[in-house]
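Okay, so here's the structure we're looking at.
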Amino acid sequence: MLDRKFVLENLEAVRQNCINRGVPADSLTRFMDAETKRRALLAEAEEFNRQANDLNNKMKGATPEEREKLKELGKSLREQKEAAQKSHDELDKTVLDILAHIPNMTNPAAPIGNDDQANLEIALGKTPIPKFDFKPLDHLELGKKHDMIDFEAGARVAGAGFYFLKNDAVLLELALQQFAVQLLVKNGFVPVSTPDVANTHTLHGIGFIPRGPETQIYSIENTDLNLVATAEITLGGMYSGQVIEAEQLPLKLVGISHCFRTEAGAAGRASKGLYRVHQFTKIEMFAFSQPDQSDALHEELRQLECDIFDAMEIPYRVVDTATGDLGGPAYRKYDLEAWMPGRGTDGEWGEVTSTSNCTDYQARRLNIRYKNKNEKGTHFVHTLNGTAIAISRAIIAIMENHQQADGTIKVPKVLQPWLGKEVIGQPK
RNA sequence: GGAGAGGUGGCUGAGUGGUCUAAAGCACCGGAUUGCUAAUUCGGCGUAGGGUUAACUCCUUACCGCAGGUUCGAAUCCUGUCCUCUCCGCCA
């Protein structure tokens, strides 16, 4: 959520930002109108309150007759205040509703464009795209060959889009978690194992809308709880309503959680297999920072993602997300897209990580602030998030890129200690 | 799941309808004094919104878990709700 005062004072910039992001900007006129009226009504209600407070103080020394008169007056003041307050509250709801749909401002350096076609490739990973002298298999075929993934059983138990990982896929999942968490702990992240559910308020704060049409979120019936789509939700919510000492910033967390997504309306060859599933495990980075730290911290998160995928010897490219493709809370976003030889006809890039600087957009709604010692008042923190490893997609990239002519799959060196082997499968 | 107790400023904690503009202590900040890993003393010390100003300068409103209600007036009374603690039950 943007600051309402900021919107009021920077109407043209906010309007242009909406246009750049492909979000309708016509609500801004309504916003301005409602917010101006709301302020006037607030002043009115406060004035009635002040008069009523004044009157209550006179009550003490009053004679019985005076008291009766004051009572009447007080009652009418209270009624007038209630009326103003009620109109104010209604307008406030309108204002907040409009505000909720206005996206965050955008880093001026982000490429401007309508959709992912305008995304800008800004870097390539250290590992070159593999050249196979045989017909490479996709991860589904490889998974079947080495008995690693069972979609049929997943469907029997939970429906399409669910799966069982088996054998070396499980070892791989655990290895990926160990590798990512240990690397991040070495870089100053606090490891956190999070709840896999969160209440609706927290989801809203991060920018998810559960229980609406086309929601990506599973909700639990007869409760206020929802299955989380990412640990970003719980890690951000972890500090909602808190005031953090400035010296503690930046505060970096690495969360482990399951992620649940309904993936409403998504299907097709491009999302076969593990690429788009209803549940996966993810290691997620999250950080709270002071405003002047967040741009540098965002670069740091991106670099860590690169380090992780370089270490796993997976070819990837870094993409600077265009304005029209940014999520509402993001001020800037980088994606890592790994090369997936089994995707499309001859291999394609597929998103494996995403890191966003959300500036104070989430913090304002979640009310997460920081305080400088010996300084009056508080400020909103900036929040940032980034995928360390989304297990299911990382498994695709590993299996498909590291497959060999003899049918086996090389285990990246950094993961070997946890798998206890150098290759998956028997050569033949 | 059942029974009970409780949620007050950074912390401890007093406060059961109007001098609450929330006592006191701790912590913290500034001054004074004595002097040496500190003591004593005086003063200050919450957050957010609106207005105002050269200026957190002054004024004002709200906030005692949260949301409602009663009342001229609520930290205080009533209802709901969330959370914490204790005991019991169940359980990995």
Side-chain angles (χ1 to χ4, degrees), chain A residues 1-9 31-96 98-99 193-205 210 219-220 222-226 234 237-249 251 256 258 288 290-291 360-381:
Chain A
M1 191 168 67
L2 289 178
D3 178 20
R4 46 177 100 205
K5 202 197 262 179
F6 175 87
V7 177
L8 219 48
E9 288 168 0
F31 167 83
M32 195 154 109
D33 188 48
E35 175 62 5
T36 311
K37 277 189 193 139
R38 184 196 70 83
R39 279 202 190 194
L41 278 165
L42 184 65
E44 201 179 305
E46 286 187 352
E47 177 57 21
F48 284 131
N49 251 345
R50 197 190 59 74
Q51 289 179 26
N53 288 346
D54 247 13
L55 184 138
N56 288 337
N57 287 332
K58 287 187 195 139
M59 210 62 166
K60 286 171 232 156
T63 63
E65 305 90 77
E66 283 170 340
R67 287 178 88 95
E68 282 313 306
K69 240 189 257 167
L70 289 174
K71 266 194 192 182
E72 282 309 308
L73 197 53
K75 198 177 250 179
S76 107
L77 278 171
R78 245 356 117 159
E79 277 162 9
Q80 291 176 85
K81 183 243 150 186
E82 281 308 321
Q85 185 75 48
K86 209 177 150 216
S87 315
H88 167 271
D89 291 350
E90 275 164 26
L91 273 174
D92 195 36
K93 246 184 100 184
T94 310
V95 167
L96 287 174
I98 296 170
L99 227 36
S193 175
T194 72
D196 284 341
V197 295
N199 57 37
T200 301
H201 171 256
T202 305
L203 265 77
H204 280 156
S219 294
I220 300 174
N222 299 325
T223 73
D224 185 40
L225 292 174
N226 314 275
T234 40
M238 203 172 166
Y239 281 86
S240 79
Q242 304 299 300
V243 179
I244 304 170
E245 295 286 345
E247 307 99 90
Q248 286 186 269
L249 299 173
L251 180 57
I256 308 170
H258 292 117
F288 305 91
Q290 298 190 40
D360 59 3
Y361 193 88
Q362 293 174 328
R364 182 168 291 107
R365 210 149 32 183
L366 289 169
N367 190 24
I368 307 174
R369 295 171 295 158
Y370 74 94
K371 182 173 172 53
N372 285 310
K373 231 184 163 109
N374 302 330
E375 189 186 292
K376 241 182 145 150
T378 59
H379 315 273
F380 289 113
V381 300

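This is a predicted model, so every value here is computed, not measured. So that the names make sense, note that chain A is the first sequence line, chain B the second, and so on, each numbered from 1.
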**Fill in**
d(A:Glu35 CD, A:Thr94 OG1) to nearest 0.5 Å is 11.0 Å
**Message:** Do A:Asn226 and A:Thr200 have side chains that approach each other closer than 4.5 Å (heavy atoms only, starting at C-beta)?
**Reply:** yes
**Asked** What do the steps show when you test A:Asn367 against A:Arg369 for side chain to side chain donor-acceptor pair (under 3.5 Å), and what is the final call?
**Response** CA-CA 6 Å; A:Asn367 190 24; A:Arg369 295 171 295 158; 3.2 Å; yes
**Request:** For B:C36 and B:U60, measure between their P atoms and round to the nearest Å.
**Result:** 49 Å
**Item:** Salt bridge A:Asp92-A:Arg4, side-chain N to carboxylate O under 4.0 Å
**Value:** yes
**Prompt:** Whom does B:C87 pair with, Watson-Crick or G-U wobble, provided both distances fall under 3.5 Å?
**Reply:** B:G2
**Item:** Atom-to-atom span, CG of A:Asp224 to P of B:C82 - whole angstrom
**Value:** 10 Å
**Item:** Pairwise P distance, B:A75 and B:C63 [rounded to whole Å]
**Value:** 7 Å
**Request:** Measure from CZ on A:Arg50 to C1' on B:G49 and round the result to the nearest Å.
**Result:** 17 Å
**Item:** Any A:Arg78 side-chain nitrogen or oxygen under 4.0 Å from OP1 or OP2 of B:G73
**Value:** yes
Between N or O atoms, less than 3.5 Å apart, protein on one side and nucleotides 51-53 of chain B on the other: list the pairs.
from	atom 1	to	atom 2	distance (Å)
B:G51	OP1	A:Arg39	NH1	3.4

**Message:** Between B:G68 and B:A74, how far apart are the two P atoms, rounded to whole Å?
**Reply:** 14 Å
**Pairing partner of B:U41 (Watson-Crick or G-U wobble, both distances under 3.5 Å)** = B:G31
**Request:** Figure out the CD/P separation between A:Glu47 and B:U61, and round it to whole Å.
**Result:** 9 Å
**Asked** Hey, does A:Leu70 reach any base, or is it just sugar-phosphate, or nothing, if we go heavy atoms under 4.0 Å?
**Response** nothing
**Item:** side chain to side chain contact (heavy atoms under 4.5 Å, CB included) partner of A:Leu42, chosen from A:Arg39, A:Arg38, A:Glu44
**Value:** A:Arg38
**Request:** Let me know the distance between CD of A:Gln85 and P of B:G50, rounded to the nearest Å.
**Result:** 15 Å
**B:G65 versus B:U52 - spacing of their P atoms, nearest Å** = 34 Å
**Prompt:** Going by heavy atoms in the side chains, are A:His201 and A:Asp224 under 4.5 Å from each other?
**Reply:** no
**Fill in**
When rounded to whole Å, the CG to P distance for the pair A:Leu366 and B:A48 reads 17 Å
**Message:** Let's see if you can work this out: which of B:A62, B:U60, B:A48 has an atom nearest to the side-chain heavy atoms of A:Thr378?
**Reply:** B:A48
**Prompt:** Using atom C1' of each nucleotide, how far apart are B:U76 and B:U8 to the nearest Å?
**Reply:** 11 Å
**Request:** Quote, to the nearest angstrom, the P distance that separates B:A22 from B:G9.
**Result:** 13 Å
**Prompt:** Mind checking who B:U71 pairs with, Watson-Crick or G-U wobble, both distances under 3.5 Å?
**Reply:** none
**Request:** Starting from P on B:G73, measure out to CG on A:Asn49 and report it in whole angstrom.
**Result:** 10 Å
**Strand partner of B:C63, provided both Watson-Crick or wobble distances fall under 3.5 Å** = B:G46
**Item:** Separation of B:G46 P from A:Tyr370 OH (nearest whole Å)
**Value:** 20 Å
**Request:** Counting heavy atoms from C-beta on, name the nucleotide in B:G49, B:C72, B:C56 closest to the side chain of A:Lys376.
**Result:** B:C56
**Asked** Starting at the 5' end of RNA chain B and moving along, which residue's nearest nucleotide shows up first, A:Ala43 or A:Gly74?
**Response** A:Ala43
**Prompt:** When the distance from CG of A:Asp54 to C1' of B:C59 is rounded to whole Å, what number comes out?
**Reply:** 13 Å
**Request:** Scan every strand shown for a Watson-Crick or G-U wobble partner of B:G25, both distances under 3.5 Å, and answer none if you come up empty.
**Result:** B:C11
**Request:** Answer with base, sugar-phosphate or nothing: what part of the nucleic acid does A:Lys371 contact at a heavy-atom distance below 4.0 Å?
**Result:** sugar-phosphate
**Item:** Whole-angstrom distance between B:G25 and B:U53, as gauged at atom C1'
**Value:** 37 Å
**Message:** Less than 4.0 angstrom between a side-chain N/O of A:Asn53 and OP1 or OP2 of B:C72, yes or no?
**Reply:** no
**Request:** Once you apply the 3.5 Å cut-off to both distances, tell me the Watson-Crick or G-U wobble partner of B:C36, or none.
**Result:** none
**Request:** Scan every strand shown for a Watson-Crick or G-U wobble partner of B:C58, both distances under 3.5 Å, and answer none if you come up empty.
**Result:** B:G51
**Prompt:** Expressed as a whole number of Å, how far does the C1' atom of B:C20 sit from that of B:U33?
**Reply:** 36 Å
**Item:** Candidate list A:Glu90, A:Lys86, A:His88, A:Gln85, test side chain to side chain contact (heavy atoms under 4.5 Å, CB included), partner A:Leu41, passing option
**Value:** A:His88
**Asked** Any chance NZ of A:Lys37 has more than 12 other-residue heavy atoms, nucleotides or ligands included, within less than 6.0 Å?
**Response** no
**Message:** So, does A:Lys75 get its side chain near the phosphate of B:G73, meaning an N or O under 4.0 Å from OP1 or OP2?
**Reply:** no
**Presence of salt bridge, A:Arg50 and A:Glu47, under 4.0 angstrom** = yes
**Prompt:** Nearest to the side chain of A:Glu46 - B:G46, B:G18, B:U61?
**Reply:** B:U61
**Request:** Check each of A:Arg78, A:Glu72, A:Gln80 against A:Ser76 using the side chain to side chain contact (heavy atoms under 4.5 Å, CB included) test, and report the only one that passes.
**Result:** A:Gln80
